[in-house]
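Take a look at this one; I'll ask things after.
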Amino acid sequence: MAQIPKDVIDQIIKGTDIVGLISNYVKLEKKGRNYFGLCPFHSEKTPSFSVSPEKQIFRCFSCGEAGNVINFLAKIESISYIESVKRLASKLNLNIEQYLGDNINVEYQKYYDLNKFVLDFYRFALLNTIEGKEALKYLENRKITQEEINYFKIGLAPDSVDSLYQALKANNFTELAMLELGVVTKSDNKFYDKFKNRIMFPITNELGYVIGFSGRIFKESDLKEAKYINTQETPIFKKGEILYNLDNAIRFIREKKRVYLFEGFMDVIASHRAGLHNAVASMGTALTPEQVNLMKKYTRNVVICFDGDSAGIEATKRAIDLFLKERLNPSIVTLPEGLDPDEYINKYGKDAYIDYLTKNEKSYREYLYELYHQDINISNIESIEQFKRKVFQLLLDATPTERELFLQKLSTDINVSIETLKFDYANYSGYIKQADKPTPYDVVNQQRMIRTIERSKPSEKKLLDTQKILIFFAFNHRKFVHIINNRNYITFKDKNFRRLYHDVKDYYQVYDEFDENVFRRRYVNSDEYNEFFTKVYQEYINTKIDYDVKYLEQCFAVITNDIIASMVQQLKEDLKKANDQNDVLKISQKIVDYYKIIKVKN
């Protein structure tokens, strides 16, 4: 991102007549020291938009939009902050090119220009066509206001075969660029619009440039279409490297010193309606290290607001791990009754929503403790021991006060004295600390760890059966595919299962429910594959199992054990060849790390 010195930014702000600039867009009337007019960012009848020439700022007392000349121009023109700086500097004859070196890849400018045209096309279709009226009615029924439509630049892909393609072609955009950005498709040497009859949500990068789109169906259809379709990976759109609404949220994140992380952009839009502006979304994908680092640039405090269902819980646990690795401070809020933000606001109101988020935020330790406690069988000693070990692991880097409070809670929950728990914890933490500092002479302990790992390796039959069960889960519901994808270490060693899982995952990109006949038509293209699919699907129909996350976790544990056993086998060979003391220590540490994973998983 461009690093423009603060004194240059100040020079641009002070050198620009804020009243003169805003008067180009808003009719202003002077009242006392300030000027007032109708806010251009939301619909209103009584002027609540104030401009202060003395302070060089603007503020709307109704919608809360505020800032300086740079913020205003960026907002009103739907351009990035940097682009706004460039335009204002140009008017002042101020050369800032030296500070813009790596800001925009010139090679990508053609893509940004094309997507900006597509955005304008979709917005025009929403606001100026008969189809658009129907889409606007749908948005109105969803409580999405005109202000939100403008703020998030929502549009409509018309129900047309190639109207966008024809418009792009008429404006001299190349067919190659259209295909590269995924706004059109090609079949039988003809070009077609990719998005049809969908409400369109633009996806922007950190600088505010449109890099992709997400389209949502809004009409009833007999087709089992996916509710949302997103732009595929393109030269400028990498789903795992983007956070929805980050460009709008940056200044609010800095101001509030925290960011709220949601799963989908509709959650962000609903939160904005309630007055929560420091919110972003991970685009419904598994959170990635790249997305974590994006948030880390602006704050160290993240409030995770994922769904409370099994998939949401798994995504939350994985997000906690990623944030802790980057030394961020994650906390968690889960809305009650299985409600999403939009549903909660409609049922209880905006103020109640903000109040709930504020009062029900939990530390990640509190959240995980409660999750672990849900699984305990209080009449089973081994279950109690597993719960206790998980809590002890959670407390290893806690403060003395946190440790004391959690041990007191644990004492009450499992009916064991605090003195006994403190003794057990001292032994556990001492063992872990010792295990974290292996020496090349600790051969006996190391061999014991290796034997434990080797004994955990599943048989070939069990591994094959486990892969089959994972396929059954994928057939059962798309949410399980989402959970499996979150565990990016999960692999299918059997090539047939690997192909079948890949095809089922691809199928759910378009359809919400699994249909055997539709799947056959789209993916089964050989006698051999047909025989394999038929056999597996028939077994799925005839097999009665509980499709819950606990069983899925057991499957993950089997595959994890196999992966770790294979890795440790290689580490044993590496130990034999290692001559350097440091190499031996590094290999030993890896064995300890794998051993700890095995112990927690099993």
Original post:
Have Tyr344 and Glu337 got a donor and an acceptor in their side chains that come within less than 3.5 Å?
Top reply: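 Glu337 and Tyr344 do not have a side-chain donor-acceptor pair below 3.5 Å.
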
Original post:
Among side-chain atoms of Arg258 and Asn329, is any donor-acceptor pair under 3.5 angstrom?
Top reply: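 No, Asn329 and Arg258 have no side-chain donor paired with an acceptor closer than 3.5 Å.
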
Original post:
Going by an N to O cut-off under 4.0 Å, is there a salt bridge joining Asp465 and Lys461?
Top reply: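 Looking at Lys461 together with Asp465, the answer is yes, because their closest N to O distance falls below 4.0 Å.
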
**OP:** Establish, for the pair Arg499 and Tyr529, whether the NZ or CZ atom is under 6.0 angstrom from the six-membered ring centre and no further than 45 degrees off its axis.
**Re:**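 Here Arg499 passes the 6.0 Å and 45° test against Tyr529.
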
**OP:** Look at the side chain of Glu454 and the backbone N and O of Ala565, then say whether any donor-acceptor pair between them is shorter than 3.5 Å.
**Re:**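 Pair absent, no side-chain N/O of Glu454 close to backbone of Ala565.
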
Subject >> Residue pair Leu407 / Lys422, side-chain heavy-atom distance below 4.5 Å >> reply: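 Yes, at least one pair of side-chain atoms sits under 4.5 Å.
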
Subject >> Glu513 and Arg478 ion-paired at < 4.0 Å >> reply: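 Salt bridge flag = no for Arg478 with Glu513.
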
Original post:
Only one of Phe519, Tyr540, Phe497 forms a ring pair (Phe, Tyr, Trp, His ring centres under 6.0 Å) with Phe533, so which one is it?
Top reply: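 Answer to the ring pair (Phe, Tyr, Trp, His ring centres under 6.0 Å) test with Phe533 among Phe519, Tyr540, Phe497: Phe519.
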
Original post:
Taking 4.0 angstrom as the limit, do Asp309 and Lys479 come out as a salt bridge?
Top reply: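 Looking at Lys479 together with Asp309, the answer is no, because their closest N to O distance does not fall below 4.0 Å.
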
Original post:
Can you find a side-chain donor-acceptor pair between Glu516 and Tyr537 that sits under 3.5 Å?
Top reply: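 Glu516 vs Tyr537: no donor-acceptor pair found between side chains.
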
Subject >> Geometric class of the Phe473/Phe480 ring pair [parallel <30°, tilted 30-60°, perpendicular >60°] >> reply: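 Judged by the thresholds at 30° and 60°, the geometry between Phe480 and Phe473 is perpendicular.
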
**OP:** Say whether, by atom type as modelled, one donor and one acceptor occur between the side chain of Asn115 and the main chain of Val210 under 3.5 angstrom.
**Re:**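 Flag set: sc Asn115 to bb Val210 pair under 3.5 Å.
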
Original post:
Is there a donor-acceptor pair under 3.5 Å between the side chain of Tyr501 and the backbone N or O of Leu470?
Top reply: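 Pair absent, no side-chain N/O of Tyr501 close to backbone of Leu470.
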
Subject >> Nearest heavy atoms of Asp413 and Ile378, plus distance in Å >> reply: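 So the minimum-distance heavy-atom pair works out to O-CD1, 3.5 Å.
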
Subject >> Side-chain H-bond candidate by donor/acceptor type, Gln408 with Glu404, under 3.5 Å >> reply: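 Present: a donor and an acceptor within the cut-off.
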
Original post:
Would you say the side-chain atoms of Thr231 pair up with the backbone N or O of Gly212, donor to acceptor, closer than 3.5 Å?
Top reply: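 Such a contact is absent between Thr231 side chain and Gly212 backbone.
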
Subject >> Closest non-hydrogen atom pair between Ile453 and Ser456, with its separation >> reply: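 Between these two residues, the closest heavy atoms are O-OG, 2.5 Å.
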
Original post:
Step by step, would you call Tyr372 with Ile376 a side-chain contact (heavy atoms from CB on, under 4.5 Å)?
Top reply: CA-CA 7 Å; Tyr372 298 156; Ile376 190 174; over 6 Å; no

Subject >> Nearest atoms (heavy-atom pairs only) where Ile450 meets Lys572 >> reply: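 Minimum heavy-atom contact is CG2-CD, 3.6 Å.
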
Subject >> Residue pairs involving residues 523-544 (criterion salt bridge (charged side-chain N to carboxylate O under 4.0 Å, His left out); sequence neighbours excluded) >> reply: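 Salt bridge (charged side-chain N to carboxylate O under 4.0 Å, His left out) check on residues 523-544 returns Lys468-Glu539.
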
Original post:
Does a donor on one side chain and an acceptor on the other come within less than 3.5 Å for Gln232 and Lys194?
Top reply: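 Indeed, the side chains of Gln232 and Lys194 share at least one donor-acceptor pair under 3.5 Å.
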
Original post:
Any donor and acceptor pair, going by atom type alone, linking the side chain of Ser411 with main-chain N or O of Val416 inside 3.5 Å?
Top reply: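 Confirmed, Ser411 side chain pairs with Val416 backbone.
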
Original post:
Looking at side-chain heavy atoms only, is the closest gap between Asn360 and Thr334 below 4.5 Å?
Top reply: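 Asn360 does not reach Thr334 side chain to side chain.
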
Original post:
Would you find a donor on one side and an acceptor on the other, under 3.5 Å apart, between the side chain of Arg216 and the backbone of Lys227?
Top reply: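 Answer holds: no.
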
Original post:
Looking at the rings of Tyr547 and His477, which for Trp means the six-membered one, are their centres under 6.0 Å apart?
Top reply: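 Here the rings of His477 and Tyr547 have centres that are no less than 6.0 Å from each other.
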
Subject >> Check: Tyr425 side chain, Leu395 main-chain N or O, donor-acceptor pair, under 3.5 Å >> reply: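 The answer is yes, because a donor-acceptor pair under 3.5 Å joins these two groups.
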
Subject >> Taking every non-hydrogen atom, the tightest pair across Gln291 and Ser282 >> reply: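 Here Gln291 and Ser282 meet closest at NE2-O, 3.6 Å.
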
**OP:** List the atom of Glu263, the atom of Phe306, and the distance in Å for their closest heavy-atom pair.
**Re:**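 In this case the closest contact between Glu263 and Phe306 is CG-CD2, 3.2 Å.
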
**OP:** Step through the shown structure and confirm whether more than 12 heavy atoms of other residues, nucleotides or ligands are within 6.0 Å of NZ on Lys590.
**Re:**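 No.
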
**OP:** Might you work through the side-chain contact (heavy atoms from CB on, under 4.5 Å) test for Ile414 and Leu421, ending with a clear yes or no?
**Re:** CA-CA 10 Å; Ile414 65 175; Leu421 288 177; 4.0 Å; yes

Original post:
Would you say the side-chain atoms of Asn561 pair up with the backbone N or O of Pro458, donor to acceptor, closer than 3.5 Å?
Top reply: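 Side chain of Asn561 to backbone of Pro458, a donor-acceptor pair under 3.5 Å: no, none is there.
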
Original post:
Between Asp506 and Tyr523, is any side-chain donor less than 3.5 angstrom from a side-chain acceptor?
Top reply: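 Short answer, yes.
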
Original post:
Among Leu328, Ile332, Val280, whose side-chain contact (heavy atoms from CB on, under 4.5 Å) with Val302 holds?
Top reply: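 Only one option passes, and that is Leu328.
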
